Amino acid sequence: MTYLIAFAIIFLLAVIVIQIGKVTELASKIRGEEEVELHNNNTQGKWAVIFMVVFLVGCIYSAYYYKNTMLGYGPLTSASEHGFELDSIFNVTLIFTGIVFVLTHILLFWYTYKYRKQRGTKAIFYAHDTKLEMIWTAIPAIVMTFLVARGLVAWNNIFPTLTDQDKFVEIEATGYQFAWDIRYAGADGKLGNKDFRLIDLAKNSLGMDWTDEHSVDDIVLGGTDKIVLPVDTTVRVRITAKDVLHNFYLPHFRVKMDAVPGLPTSFIFKPVKTTKEFRQQLSEYPEWQVPADPNDPTGPKRWETFEYELACAELCGKGHYSMRRIVEIVTRDEYNVWLASQKSFYMTNIRNTADDPYKGKKLFSFEIKAREQELKTEFAKVLSDSAITNTILLKHVFFETGSDKLSDLSKHELDNVVKIMNERASMKVELGGHTDNVGDAAMNQELSQKRASSVLNYLISNGVASAKLSARGYGQNNPVESNDTPEGRDKNRRTELKIISK
Amino acid sequence: MANTTIYEEDVLIKEQGFNDHFHDHHHGDKYQTNFIFHYVFSMDHKIIARQFLITGMIWAIIGAAMSVVFRMQLGFPEESLAWIKPFLGKWIEIDPTTGMGKLVPEFYYALVTMHGTIIVFFVLTAGLSGTFSNLLIPLQLGARDMASPFLNMLSYWFFFLAGIIMFYSLFLSTGPFSGGWVAYPPLSALPQASSGSGTGMTLWIMSLTFFVVSVLLGGINYITTVLNLRTKGMTLWRMPLTIWAFFVTAILGLLSFPVLASGFFMLIFDRSLGTSFFLSEIFIEGQALDRVGGSPILFQHLFWFLGHPEVYIIILPAMGLVSEVMSVHARKPIFGYRAMVYSIMAIGFLSFIVWAHHMFMSGVNPFLSNFFVVFTLIIAVPSAVKVFNWITTLYGGNLRLNTPMLFAIGFVSMFISGGLTGIFLGNSAIDIQLHDTYFVVAHFHIVMGVAAMFGMFAGIYHWYPKMYGRFMNETLGKIHFWGTIISAYAIFWPMHYIGMAGVPRRYFSFESFDAFKHFADLNKFITIFAIISFALQLVFVINFFYSIWYGKKMKTKNPWGANSLEWTTPIEPIHGNWPGNLPVVHRWPYDYSKDEREFIPQHIPLKEGEIGDH
Ligand code: HEM
Ligand SMILES: [Cu+2]
Ligand SMILES: [Cu+2]
């Protein structure tokens, strides 16, 4: 049925069109072909002029009408430093091309009208004019040279090479179908290595390589968190992709660069207006003073809800149009506060799990420092009068597998213990060894005893009076977690320090 | 014009023409025996030209209809498209609660991709250059046919095959290819990246590979014919600008399409043989692929090494047609004939060293862009020269403002408007902001899409009598012209503004971005005009087919009073083009309004002291 109706409509249309067409033939029969041609030239010539006027006026008026919605004009001046230069080159180009556009169109359509064939008119024989042709070859050439020169100077400034001496904030954007992952370089200012083979969607969606120490302090934003960046600071964005091409596009900052799997790219820019300042700027324009949601006239105004946005600008599949993230530019102080509140991905999700290559092998200097502090508070707690427990877990005491030999790392923890022990003359402690339930219980008993003694010996040889110390192996008898999981067993293998007297 | 002139001219060819003994052998006519070989597997260049034209028109309607569908989605996202469901089936998704129908995003992207591919390759390459190179090269050069009529026939049938495959891919259950007409890997290389990248992409590549074969067969023929089969007296500098344009176009195609083909082959290997030309370090669908060391950017280089010349492969023939049509109907020589030829050559040459201007933001070394910016903006100079020459051709003319002439003038307007925006994009610094926004869409649709269509329309209206012995209807032609130029500008001009606001192209919906969603009015406006302009093209189609049988008859051989040789052939086309001797050429093709004569065809001998070249 639908097809039938469609067909009928098309057929009807065709008949009408053909009938309109018959007018020509009728006219030429009545008036003669020559007459019709001249009449036609007059009409068409007039149409050409009318079209030209309406078209040019329409172009200029509409450009003016929409000016403030376009980047670079009115409220939407650039939010990045290099953007101003780009906008200015755009405008210079617009002036040159605008003049050419208007002049050539006036000539084109005016000549169409003026030189239309009328009764008795003739064409001139004017085949070429070397001088004229030289002039109109030279003029575009000169204008182009000027535009190229300005453009290239700006272009090469936008892509400088930063050295380690330069101060900049480094972040990384990784595009995938259909979102972005954002990573910050953390305190060391350097992004750790990645390897796509290490990607594990549950635990390590970026494929960060934990054996690279630069990874340790890298921060990975949650899926919908705003990308926070400081104002007036150079930002280098490292841009990568996991699956297909994407494009890191920040319209307000004039930033755009493809994200290519296997080939990291980058873009350097400097935000010059905080989100708040930009909103302020928008608030001065009436079109931004309307309610953001037309259905909620009392709600926030459009300018109040403004956010800088990140979009994808390279076709990447069916969800290409939905890869939005919000970017928030804040003052440097606010940025520092925000950054301090962010946790390193490794420390929160990876450290001391089975995926951690440094587990029991390495302590980071910040961990050692933090542990020293922590141990002090833990001692203070167990020594206070209101103490609920008298046991401290010696977290950073490690042994070589299956042996009672202390690993080198343990010395940081034990040296701290030495210091504290020596500060309190009366304090007596018991060092307790614990194992998991793997293997023979008697053997575990023996191993735990030996391990406790190793710790005791270390403390003595580092200056703690032997009278203050005792060592005891508990074997597998006092688990703190279930022995059924590797993580639980891991927790059960431990060394504890029990206060015997304060 | 007076009948006596024509009579004189016939006598001229008979008595002073060049006898190549063509009709002594009757070898040509053995192919002409039955319907199948006359109309279907024809080797006659005039028939092949019409085959290209009609196939191109069918594809144009399909391609344009697709754009109307996706424009509906963009212009009226809140309007239900449920009523198209009978045609599109599962590609329209109906919300069960509201009953609201919308295009499935995958299919939106498939439509955009198919629209681009079809229009660029099937309509504006095959339909335009295939039609007019075939029709005009032998006729305007005074040749009996192409150098190899057989390869010429193959060229059409490879195009036909390419079309069949592409058409078939539209009906796949996973949909046709949907990764954009530029088909960048990895999206195009990995079936898991998109449903259209599976069988749809396989068929897309197959189709276009056959298409490349078609272009190469055609191109080699055009070049050989131009170099070897010019009639006596037809020196290179006496060739009409149409021929110059087709000639350079064919050279561009011959040099650039093989590069695309090599890119396609590498892509096929990546897709099915496990190579990694374009793939590296990919993690997709929960899996790290064992593909390293390739570069997706390499494909872009290969693609644009064709892609940029391709845009000139599209526009040069249109320029040639427009130059010829304009000169004939202005009754004036084309201004700066030699400058026009040199510009065509310069554009042709430069078009090979600017390709990376499509890749400023692709991750190529920014330093390299310096060279491409310089070359790209140099191309604006010969382009500007051509525009000035066209305008000056009008100056002092005696213009017949009929439909072909109007389209020629419209072409110049479009070429100016779209060419000027190229100057913005060619400057890499400005392109940071404009790349992959609607500004680019506006640029290339105006300068290439609409301009080339206008050139093609000018050519069709002008040479229609040569093809079908009848004229197309003028009233309908004028409705077609004014309607089209107005709606084309109404569609593409506002896209500049949307692009300058930063709105990216290839977005199924703008709703999720505050920065992009405030152009609903403009998008509606654009869509309305897209529908209007589509309807206007149907007027053209009706006019075209109606006129084949009922159009005004051509009563004289040379109705436009043109100088080039195609108008010396009989009204009723014959195999071998000229009944007896071939015309001998004495002068360039643009002696209009010279020495008090309105026109002097090329085969008229020079008078005492007259010069035949310019
Ligand atoms: C004045 C001369 C021209 C210059 C300087 C120029 C420059 C450019 C540049 C730099 C781009 C890339 C924009 C981007 O993706 O960011 C572009 C895109 C394009 N241009 Fe031009 N152009 C010119 C004339 C033409 C002509 C004559 C045609 C065709 C007849 C054309 C067709 C195209 C097409 C098809 C695209 C877009 C391809 C795509 O990304 O899908 N251009 N132009
Ligand atoms: Cu995308
Ligand atoms: Cu190009």
Side-chain angles (χ1 to χ4, degrees), chain A residues 2 14 17-18 21 23-24 41 44 66 69-71 86 90 93 97 101 104 107-108 111-112 115-117 121-128 133 136-137 140-141 144 148 151-152 154-155 159 196-197 199 242-245 251 254 256-258 260-262 265 309 313 315 317-318 321-322 324, chain B residues 86 105-106 180 186-187 193-194 280-284 288 296 331-333 336 339 361-363 366 377 381 384-385 388 391 394-401 409 416 420 424 427-430 432-433 436 473-476 497 500-502 504 506-509 512-513 515 539 542 593-594 614:
Chain A
T2 326
V17 164
I18 289 164
V23 173
T24 331
N41 286 347
Q44 297 303 311
Y66 283 104
T69 65
M70 298 184 224
L71 297 175
L86 300 193
F90 186 100
T93 313
T97 54
F101 172 73
T104 50
L107 288 180
L108 181 68
Y111 284 174
T112 301
Y115 296 108
R116 73 196 185 283
K117 179 180 177 187
T121 52
K122 263 201 218 132
I124 55 170
F125 185 81
Y126 181 40
H128 63 92
E133 290 175 66
W136 72 40
T137 312
M144 286 304 142
V148 167
L152 287 184
W155 171 259
F159 290 98
F196 74 109
R197 291 185 197 83
I199 295 177
K242 269 200 241 179
D243 39 29
V244 299
L245 299 178
R254 316 292 191 269
K256 193 178 282 154
M257 182 53 74
D258 269 7
V260 186
T265 56
E309 289 172 306
L315 179 56
K318 64 177 174 187
Y321 62 96
S322 59
R324 176 177 189 255
Chain B
E106 277 106 322
L187 183 59
S194 154
S280 191
E281 307 191 12
I282 289 169
F283 181 92
I284 192 163
R331 315 310 290 148
K332 243 192 99 208
M361 301 295 119
S362 285
L377 293 191
V381 176
V385 167
F388 297 143
I391 293 177
L394 297 182
Y395 167 81
N398 197 24
L399 315 185
R400 302 176 186 143
L401 297 179
I409 292 167
I416 295 170
L420 289 174
F424 294 78
N427 219 337
S428 55
I430 310 181
I432 298 175
Q433 175 181 351
D436 260 341
N473 184 286
E474 271 293 313
T475 309
L476 294 184
Y497 304 155
M500 285 161 76
R506 294 174 169 152
Y507 265 36
F508 167 71
S509 147
S512 47
F513 287 84
V539 172
I542 293 169
S593 303
K594 187 174 144 192
H614 273 267

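Here the structure is a predicted model, which means the values were calculated and not measured. Per chain, numbering begins at 1; letters A, B, ... match sequence-line order.
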- line: Of the listed A:H128, A:E309, A:E133, the one with the largest count of heavy-atom pairs under 4.5 Å with chain B is A:E309
[X] [atom1] to [Y] [atom2] distance, which is reported to the nearest 0.5 Å:
X: B:I430; Y: A:T93; atom1: CD1; atom2: OG1; result: 3.5 Å
X: B:E474; Y: A:Q44; atom1: CD; atom2: CD; result: 8.5 Å
X: A:K122; Y: B:R331; atom1: NZ; atom2: CZ; result: 13.5 Å
X: A:M257; Y: B:M361; atom1: CE; atom2: CE; result: 5.5 Å

Is the shortest side-chain heavy-atom distance between [X] and [Y] below 4.5 Å?
X: A:F90; Y: B:M500; value: yes
X: A:P261; Y: B:F283; value: no
X: B:L394; Y: A:L108; value: yes
X: A:F125; Y: B:K332; value: no
X: A:P140; Y: B:F388; value: yes
X: B:I542; Y: A:I18; value: yes
X: B:P186; Y: A:D243; value: no
X: B:S593; Y: A:I124; value: no

Flag, side chain of B:N398 to backbone of A:T121, donor-acceptor distance under 3.5 Å: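 Present.
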task: Report yes or no: does A:K256 contribute a side-chain atom to a donor-acceptor pair with the main-chain N or O of B:Q433 at less than 3.5 Å?
output: yes
task: Under the side-chain hydrogen bond (donor to acceptor under 3.5 Å, both in side chains) rule, collect the residues that match up with B:T475, sequence neighbours excluded.
output: A:T24
- request: Let me see the working for A:L86 and B:I432 under side chain to side chain contact (heavy atoms under 4.5 Å, CB included), right down to the final yes or no.
  value: CA-CA 9 Å; A:L86 300 193; B:I432 298 175; 4.2 Å; yes
Using a 4.5 angstrom heavy-atom cutoff, name the option from [options] with the most pairs to chain A.
options: B:V539, B:L476, B:V381, B:I284; answer: B:L476
options: B:A339, B:G336, B:S194; answer: B:G336
options: B:P504, B:A501, B:G396; answer: B:G396

Test log, rule side chain to side chain contact (heavy atoms under 4.5 Å, CB included), inputs B:L399 and A:K117: CA-CA 5 Å; B:L399 315 185; A:K117 179 180 177 187; 5.7 Å; no
Give the minimum heavy-atom separation between [X] and [Y], together with the two atoms involved.
X: B:F513; Y: A:Y321; answer: CE1-O, 3.3 Å
X: B:S512; Y: A:R324; answer: O-CD, 3.0 Å
X: B:N427; Y: A:G151; answer: OD1-CA, 3.3 Å
X: A:V148; Y: B:L377; answer: CG2-CD1, 3.2 Å

task: Tell me, for B:I416 versus chain A, whether the close heavy atoms (under 4.5 Å) come from the side chain, the backbone, both or neither.
output: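 Side chain only.
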Proximal component of B:A515, with respect to chain A [non-hydrogen, under 4.5 Å]: both
Contact origin within A:T265 toward chain B - heavy atom pairs under 4.5 Å: side chain
task: With a 4.5 angstrom heavy-atom cut-off, could you sort out which part of A:Y126 is near chain B: side chain, backbone, both or neither?
output: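 Both parts, heavy atoms under 4.5 Å.
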field: Ring geometry between A:Y111 and B:Y395 (parallel below 30°, tilted from 30 to 60°, perpendicular above 60°)
entry: tilted
message: Please determine whether side chain to side chain contact (heavy atoms under 4.5 Å, CB included) holds for the pair B:Y497 and A:T69, giving the CA-CA distance in whole Å, both sets of side-chain angles, and the decisive distance to 0.1 Å.
response: CA-CA 8 Å; B:Y497 304 155; A:T69 65; 5.6 Å; no
